[in-house]
Number of protein chains: 2
Amino acid sequence: MDGNDRQAARNRGRFRDLGLTALNLVSSPGAGKTALLERTLAEFGRDTPCAAVVGDLATDRDARRLGRWKAPVAQITTGSACHLDAFMVAHAVDRLDLAGARLLFIENVGNLVCPAAFDLGESVRVVLLSAAEGEDKPLKYPPIFKSADVVLLTKIDVAGVLGFDVEEAAENVRRMAPQARIVRLSARSGAGLDQWYYLLGAMVRRE
Amino acid sequence: MDGNDRQAARNRGRFRDLGLTALNLVSSPGAGKTALLERTLAEFGRDTPCAAVVGDLATDRDARRLGRWKAPVAQITTGSACHLDAFMVAHAVDRLDLAGARLLFIENVGNLVCPAAFDLGESVRVVLLSAAEGEDKPLKYPPIFKSADVVLLTKIDVAGVLGFDVEEAAENVRRMAPQARIVRLSARSGAGLDQWYYLLGAMVRRE
């Protein structure tokens, strides 16, 4: 862990020197990280240069999904590792042309547990919780929620049909993560994306 | 790992001596393990004595959800561990009155990665993939699917509204896990539960 923390600090310095804000996106498998990034690169990325690093155990499907826009994208495959670490991110970033980029999205392996303990050098940790997962997940997976700067409640367009109580979920997030900004959104319907883009814009300006 | 494997072998012998078939249920957070167990204990468990052990990082919510039926239930809280291990299961089982029980459901921590490497002493590994997670998850999380005896495609009642192609998902399961029985079901609508109970019945009879 010490080695990871030192590398994370190096990553953080490098991102700062490049004028980049790095976001670490964490969630269960299938909570919609890639779908949100696709739309974010297509829309927010039109005017604000972005880059992305995506982690999976296997396949380059996510990099191919995200490669249709102008943002540079690198895939990391971890084999059997349940999280990204700061070294993997450093190697992936070496393969990207980051000139001019202002935001770097790091899509972690789908996992609500392991990524909590691994600093990647990000400035902002974003935890996604989808309407399909149940309102109680913040209570059952405390470490990741306690480490979140932003919590996105995703797939809210299907909350009704899934019987998901968005307000109860938000209340559970507030209990475990009073520090976190909460945004309710759907990458499919577009609901709430204006707030997400507003947040991203503020992150760019802060640098 | 050697220590875990030895303990898993001891658990397996103990379950065999008790006439118990143990199932290890693994999935992402929110794929519906607890919902399926609730209904299974209420319906299948009415005639066939069952018991359950449930794992979470924190809270005893799942044990309380499952405690409304006659089956004995024990909660394991792992703190920050991303999977159950054979020792945790042995300690939890010590707290249960298993006299007469024929099936033991072990609900793992919600995680598609870490549980793959840890034998708990189960006879049957069951991996759940919900319609909310995307058809590609078997390709992206190979180890857990390759280790599955049964794959349950869950929440199929909302597959349409979520745009989830059940047949594509099943095809991806067959590619990664040709050994696995596949059952499509919904614990909410009840679709497919007859097949699940039929499978469970066959497991009981095998012992």
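Naming convention: chains lettered A, B, ... in sequence-line order (proteins, then strands); numbering from 1 in each chain.
Side-chain atoms of A:S123 do not come within 3.5 Å of backbone N or O of A:T21 as any donor-acceptor pair. Side-chain atoms of B:Q75 come within 3.5 Å of backbone N or O of B:A63 as a donor-acceptor pair. Remark: the backbone N or O of B:A187 is paired with a side-chain donor or acceptor of B:R39 at under 3.5 angstrom. Checking side-chain atoms of B:Q179 against main-chain N and O of B:K146 turns up a donor-acceptor pair under 3.5 Å. Panel note: side chain A:N4, backbone A:D119; a donor-acceptor pair is recorded below 3.5 Å.
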Item to check | Chi angles and distances behind the side chain to side chain donor-acceptor pair (under 3.5 Å) call for B:S27, B:K33 | outcome: CA-CA 7 Å; B:S27 78; B:K33 295 184 295 301; 3.0 Å; yes
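Judged as a salt bridge (charged side-chain N to carboxylate O under 4.0 Å, His left out), and not counting sequence neighbours, B:D85 has no contacts.
Contact of A:L129 with chain B is not made at all, since no heavy-atom distance falls under 4.5 Å. The contact between A:P29 and chain B is made by backbone and side chain atoms together, counting heavy-atom distances below 4.5 Å. At a 4.5 Å heavy-atom cutoff, A:D157 makes no contact with chain B through either its backbone or its side chain. Using a 4.5 Å cut-off between heavy atoms, A:V158 contacts chain B through its side chain alone, with no backbone atom that close. Heavy-atom distances place no part of A:A131 under 4.5 Å from chain B, backbone and side chain included. Looking at A:K137, only its side chain comes within 4.5 Å of chain B, counting heavy atoms on both sides.
Within a 6.0 Å sphere centred on CZ of A:R188, heavy atoms belonging to other residues, nucleotides or ligands number more than 12.
In this model, a donor atom of one side chain and an acceptor atom of the other lie less than 3.5 Å apart for A:N24 and A:E122.
Residues of residues 166-175 of chain A having a heavy atom under 4.5 Å from any heavy atom of chain B: none.
Residue with the most contacts toward chain B among A:I144, A:T78, A:D62, A:T77: A:D62 (heavy-atom pairs, distance under 4.5 Å). Most heavy-atom pairs under 4.5 Å with chain A: of the set B:G134, B:A81, B:S80, B:G110, this distinction falls to B:G110. Ranked by heavy-atom pairs shorter than 4.5 Å toward chain B, the options A:P143, A:C82, A:S130 are led by A:C82.
In this structure, A:F118 and A:H83 have parallel ring planes: the angle between them is below the 30° cut-off, well short of the 60° mark.
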